[in-house]
Amino acid sequence: MKSKTADRIATGVFVAIAIIIVSILVGLFSYILVNGFKYISWDFLTTPSSNIRAGGGIRDQLFNSFYILLLTMIIAVPLGVGGGIYMAEYAKPGKLTDTIRSCIEVLASLPSIVIGMFGLLVFVNVTGWGYTILGGALALTVFNLPVIVRVSEDSIRTVPRDLKEASLALGITHWHTIKTVLLPSAFPSILTGIILAAGRVFGEAAALLFTAGLSTPRLDYANWNPFSEQSPLNIFRPAETLAVHIWSVNTQGLIPDVEAVSNGSAAVLVISVLLFNLLARWIGSIITKKITATK
Amino acid sequence: MVTTLLEKEIGEQTIQSTVPLQMEHILNVHDLEIFYGEKRAVNGISMDIEKNAVTALIGPSGCGKSTFLRSINRMNDLIPGARAQGEIMYEDLNILSEQINVVALRKEIGMVFQKPNPFPKSIYGNITHALKFSGIKKKSQLDEIVEESLQKAALWDEVKDRLHKSALSLSGGQQQRLCIARTIAMKPTVMLLDEPSSALDPISNAKVEDLIVELKKDYSIIIVTHNMQQASRISDKTAFFLSGDLVEYDATEKIFTNPSVKKTEEYISGRFG
Amino acid sequence: MQICIYPIMTYFRGVWCIMEKIIPAKERLTKSSKNRMDGELRGKILVILCAVIMISATISITIFLGTKGLQSFIKNGVSLIEFLTSTHWNPTNQASPEYGALPFIFGSFAVTFLAALIAAPLGIGAAIFMTEIAPSWGRKILQPVVELLVGIPSVVYGFIGLTVLVPFVRAHVGGLGFSLLSGMIVLSVMILPTITSIATDAMGTLPKNLREGSYALGATRWQTIRKVLIPAALPGLLTAVVLGMARAFGEALAVQMVIGNVRNLPSSILDASATLTTIITLNMGHTTYGSVENNTLWSMGLILLVMSFAFILLIRYLSSRRKL
Ligand SMILES: Nc1ncnc2c1ncn2[C@@H]1O[C@H](COP(=O)(O)OP(=O)(O)OP(=O)(O)O)[C@@H](O)[C@H]1O
Ligand SMILES: [Mg+2]
């Protein structure tokens with residue numbers, strides 16, 4: 001029967017597609033990890049990078065990546081969750097809400113290089129800061145904000161209406177209800193979303209090229225004064241992150257051990273993103289269990 | 001606790017509640033109309049709700065009982081497009097007025113919903129949640145109120161050993177009594193109950209019914225129910241709603257033995273609805 | 001006048017006790033300065049502020065990049081027609097600099113469409129696999145795979161493209177390896193998860209009775225998929241593809257590392273090429289801020305911005321069709 005055969009062939013094609021996709025992932029991961037593990041060592045993680053000689057590590061890049069991530073989250077999480085609360089609880093259907101929704105959509109779909117250019121224009125040139133960690137973090141905030149707004153809005157919307165009504169019926173204000181009932185219930189999924197977003201921020205490079213720059217000054221990790229030039233904590237210094245480092249050693253680097261450095265860095269980057277993913281799932285499930293615990 | 005003269009007075013009044021003329025009214029509803037957008041769900045009803053009595057609202061599904069009930073503590077404000085016209089006088093204020101502080105109003109007119117909806121907190125936390133918000137912060141005082149309201153809700157003996165366990169670990173009936181307890185803790189004057197025992201098993205249902213009769217001493221209660229036996233067992237007055245109209249409102253005994261409108265009789269005897 | 005008994009808590013002789021005090025209803029229950037809802041207003045202002053920040057970010061991005069991007073035409077007198085249609089890009093020629101960005105515009109569109117050409121069938125196929133062929137275990141395997149693929153940073157894709165794909169193309173297909181082909185392959189892997197996950201949603205939200213109706217008529221699974229499900233989900237599937245294309249169009253670093261970045265129009269898929277994003281990435285740092293060449297880079301940025309608006313409009317159009 002002809003249609004039976006066609007059906008079999010089609011099924012085979014779909015299975016093949018699934019196998020192709022799984023093998024792409026497996027291939028990518030095993031390539032990155034197998035090649036990268038050779039180069040990851042304590043030394044690699046803790047020596048500063050070199051511009052010309054072989055044997056450089058990624059100490060500063062690693063620190064910069066985490067520091068920019070932290071700063072970004074400090075700015076973006078309150079703003080994003082606030083925006084999400086607004087969209088879920090206060091926005092009334094109408095023109096204004098539609099406008100805000102469009103804005104979120106636009107922000108979410110901007111290419112990161114465009115956000116980097118905006119950052120270059122505003123946080124580097126207009127402010128006169130030059131390449132700074134803060135500029136990078138602000139650009140990443142723009143990049144990250146729509147994601148957090150959406151996650152927060154969706155999570156708050158999925159909290160059962162009953163709980164909100166129960167709280168309001170007890171004579172509790174809307175805002176206090178949001179703070180003490182809605183947010184705690186929505187917290188696991190907001191947190192999961194934020195950690196996943198953090199993974200994205202951690203691997204982002206294009207938005208940082210023109211905002212946080214391609215170089216890191218000589219850092220003194222004993223210097224904790226955030227206003228000192230050499231302090232790693234200074235937010236007004238340029239900072240090359242790990243993702244940017246991979247790009248720059250490959251496209252404009254002079255070091256002889258490009259392969260080693262980028263393989264190692266790529267592995268560290270992918271492992272970090274992987275950890276963010278696992279962490280998100282793990283925390284999500286733990287908190288959900290705790291909240292719905294029936295003991 | 002200082003028991004005042006007035007409380008005693010109220011107590012005596014309830015005992016004599018067979019004499020309707022002496023009843024005081026807690027709420028006076030005049031020409032109340034409620035709309036959802038263009039659609040009218042309640043068509044100009046007027047009724048007086050008695051103090052320290054149980055008033056039952058009965059009627060087929062979709063006749064506007066919940067809509068009416070929710071307008072008394074302005075829960076309908078939450079529904080976009082819902083609006084109410086007319087008057088619900090509480091003391092000397094119109095509850096529906098723009099001027100009303102709904103948050104303060106809901107502390108005095110509490111509500112318990114059909115589905116038990118405890119917060120995902122401990123049993124203790126469920127009761128103190130609203131208390132803390134209204135400014136009671138001291139541990140000893142909170143403890144006292146928690147015990148008192150759980151006692152009143154006839155739940156104390158069952159949960160006193162596990163006050164700090166999750167409220168979600170309670171059975172459905174216990175959860176519902178907890179919801180009643182946390183409403184009691186706010187010391188409201190009126191309690192609105194929307195089919196509070198319809199989701200419960202018969203034993204829990206009986207407990208909640210006993211509780212309601214008990215609570216009538218301190219509170220004025222309005223209860224929506226689909227259960228005719230329940231209405232006749234626990235209520236003092238009964239209002240029969242039909243597609244947004246108040247068809248008949250009278251003493252429960254009268255409604256169930258000798259209703260003056262034919263529709264009421266048909267509904268009660270189960271011929272429709 | 002009616003009065004009421006209102007319990008308030010008072011601290012009395014070292015013990016908390018409930019005293020009853022008479023407060024008229026009007027004072028208790030009306031909005032007044034005294035019992036204004038604490039914190040309510042503050043909270044509302046706070047979240048409105050967040051919403052305002054989002055609007056202003058969007059508006060300022062549009063305005064800043066718009067004005068900056070138009071400067072090369074307004075201030076520097078670069079011809080818009082030349083910019084969009086000429087294939088000669090030679091801004092460093094002192095005597096007669098040329099600003100034809102067509103090769104890059106073409107490059108951007110070419111890699112985007114080519115990448116979609118590969119990724120769309122794979123992504124939609126995977127979506128169908130997850131929703132129709134093996135809804136239980138297939139989904140359990142593919143879903144995390146797709147999520148992990150999204151998680152891989154774009155520089156890592158670029159790096160693997162550079163070290164694995166480019167040499168492979170050079171050795172086995174031809175050319176230098178740096179080519180449209182390499183760019184297309186890297187991008188197609190990158191947009192595959194986007195297309196897959198959105199297409200899966202689109203297939204998943206189809207009403208059940210659609211399938212049952214078709215099977216009841218004796219159609220095979222493939223016939224059902226082809227004749228009933230795909231047409232019904234078409235706007236959603238197209239949305240998935242457009243979103244994937246939007247991502248491909250804006251992707252910078254990964255493409256830049258494998259495409260070769262030459263200023264000529266490619267004549268075959270094995271030729272090196274360049275896109276708007278790769279030229280911006282490469283030259284933004286090398287050119288003096290405010291120079292004509294630098295300003296033309298901002299004009300290219302403006303094209304990217306305009307295109308991302310265009311993609312949004314397209315998606316809106318598609319989702320309005322979905323409701324019908
Ligand atoms: N949020 C809403 N939006 C629009 N219409 C509504 C809404 N809630 C209720 N209605 C309509 O108002 C009418 C009265 O509904 P209501 O919930 O008050 O009925 P009810 O008597 O409580 O019914 P039940 O016994 O089923 O709870 C119904 O026709 C219903 O469809
Ligand atoms: Mg109802």
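Note on naming: letters A, B, ... go to the chains in the order of the sequence lines (proteins, then strands), and numbering restarts at 1 for each one.
By number of non-hydrogen pairs under 4.5 angstrom with chain A, the leading residue of Leu297(C), Leu192(C), Ile280(C), Ile141(C) is Ile280(C). Here Trp222(C) is the residue among Phe311(C), Tyr157(C), Trp222(C) with the most heavy-atom pairs under 4.5 Å with chain A. In terms of heavy-atom pairs under 4.5 Å with chain A, the best-connected choice from Thr224(C), Leu243(C), Ile128(C) is Ile128(C). Among Lys68(C), Met307(C), Gln256(C), Glu251(C), the residue making the largest number of heavy-atom pairs under 4.5 Å with chain A is Gln256(C). The residue among Val189(C), Leu46(C), Val164(C), Ile59(C) with the most heavy atom pairs within less than 4.5 Å of chain A is Val164(C).
Both the backbone and the side chain of Val15(A) come within less than 4.5 Å of a heavy atom of chain C. Only the side chain of Leu274(A) comes within contact range of chain C, with heavy atoms under 4.5 Å apart. Contact of Leu49(C) with chain A is not made at all, since no heavy-atom distance falls under 4.5 Å. Heavy atoms closer than 4.5 Å to chain A are found in both the backbone and the side chain of Ile61(C). Contacts of Phe118(A) with chain C are made by both backbone and side-chain atoms, with heavy-atom separations under 4.5 Å. The contact between Pro78(A) and chain C is made entirely by backbone atoms, counting heavy-atom distances below 4.5 Å. With a threshold of 4.5 angstrom between heavy atoms, Val106(A) approaches chain C through its backbone and through its side chain. At a 4.5 Å heavy-atom cutoff, the contact between Leu148(C) and chain A is made by backbone and side-chain atoms alike. For a residue to count as touching a neighbouring chain, one of its non-hydrogen atoms must lie under 4.5 Å from one of that chain's; by this rule Val122(A) touches chain C with the side chain only. Heavy-atom distances place the backbone of Pro121(C), and not its side chain, under 4.5 Å from chain A. If you measure heavy-atom distances from Ala252(C) to chain A, the contacts under 4.5 Å come from the side chain alone. Heavy atoms closer than 4.5 Å to chain C are found in both the backbone and the side chain of Ser102(A). With a 4.5 Å cut-off on non-hydrogen atoms, Arg226(C) does not touch chain A at all. When heavy atoms are compared at a cutoff of 4.5 Å, Ser60(C) approaches chain A by way of both its backbone and its side chain. For Phe309(C), the part sitting under 4.5 Å from any heavy atom of chain A is the side chain, from C-beta outward, and nothing else. Using a 4.5 Å cut-off between heavy atoms, Ile133(C) touches chain A through its side chain atoms alone.
Between the side chains of Ser109(A) and Arg247(C), no donor N or O sits under 3.5 Å from an acceptor N or O.
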Go through the steps for Val156(C) and Leu269(A) under the test side chain to side chain contact (heavy atoms under 4.5 Å, CB included), then give the verdict. CA-CA 8 Å; Val156(C) 174; Leu269(A) 201 58; 3.8 Å; yes
Determine, step by step, whether Leu149(C) and Leu28(A) satisfy the side chain to side chain contact (heavy atoms under 4.5 Å, CB included) criterion, reporting the C-alpha distance in whole Å, the side-chain angles of both residues, the deciding distance to 0.1 Å, and the verdict. CA-CA 9 Å; Leu149(C) 279 176; Leu28(A) 282 173; 3.9 Å; yes
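Taking 4.5 Å as the limit, every side-chain heavy atom of Thr251(A) sits out of range of all side-chain heavy atoms of Leu253(C). Put simply, the side chain of Tyr289(C) does not reach to within 4.5 Å of the side chain of Val124(A), judged on heavy atoms. A 4.5 Å side-chain heavy-atom check between Val273(A) and Ile152(C) finds every atom pair outside the cut-off. Residues Ile225(C) and Phe14(A) form a side-chain contact, since some pair of their non-hydrogen atoms from C-beta on lies under 4.5 Å apart. With contacts defined as side-chain heavy-atom distances shorter than 4.5 Å, the pair Phe159(C)/Ile32(A) does not qualify. Looking at heavy atoms from C-beta onward, Leu120(A) lies in side-chain contact with Trp298(C) at the 4.5 angstrom threshold. No side-chain heavy atom of Trp175(A) sits less than 4.5 Å from a side-chain heavy atom of Lys44(C).
With salt bridges taken as basic N to acidic carboxylate O contacts below 4.0 Å, one links Glu147(C) and Arg281(A).
Across Thr58(C) and Cys103(A), no two heavy atoms sit closer than the pair OG1-CB, 3.3 Å. A pairwise comparison of heavy atoms in Pro153(C) and Gly203(A) identifies CB-O, 3.4 Å as the closest pair.
Note that CE of Met300(C) is 9.0 Å distant from CE of Met117(A), once rounded to the nearest 0.5 Å.
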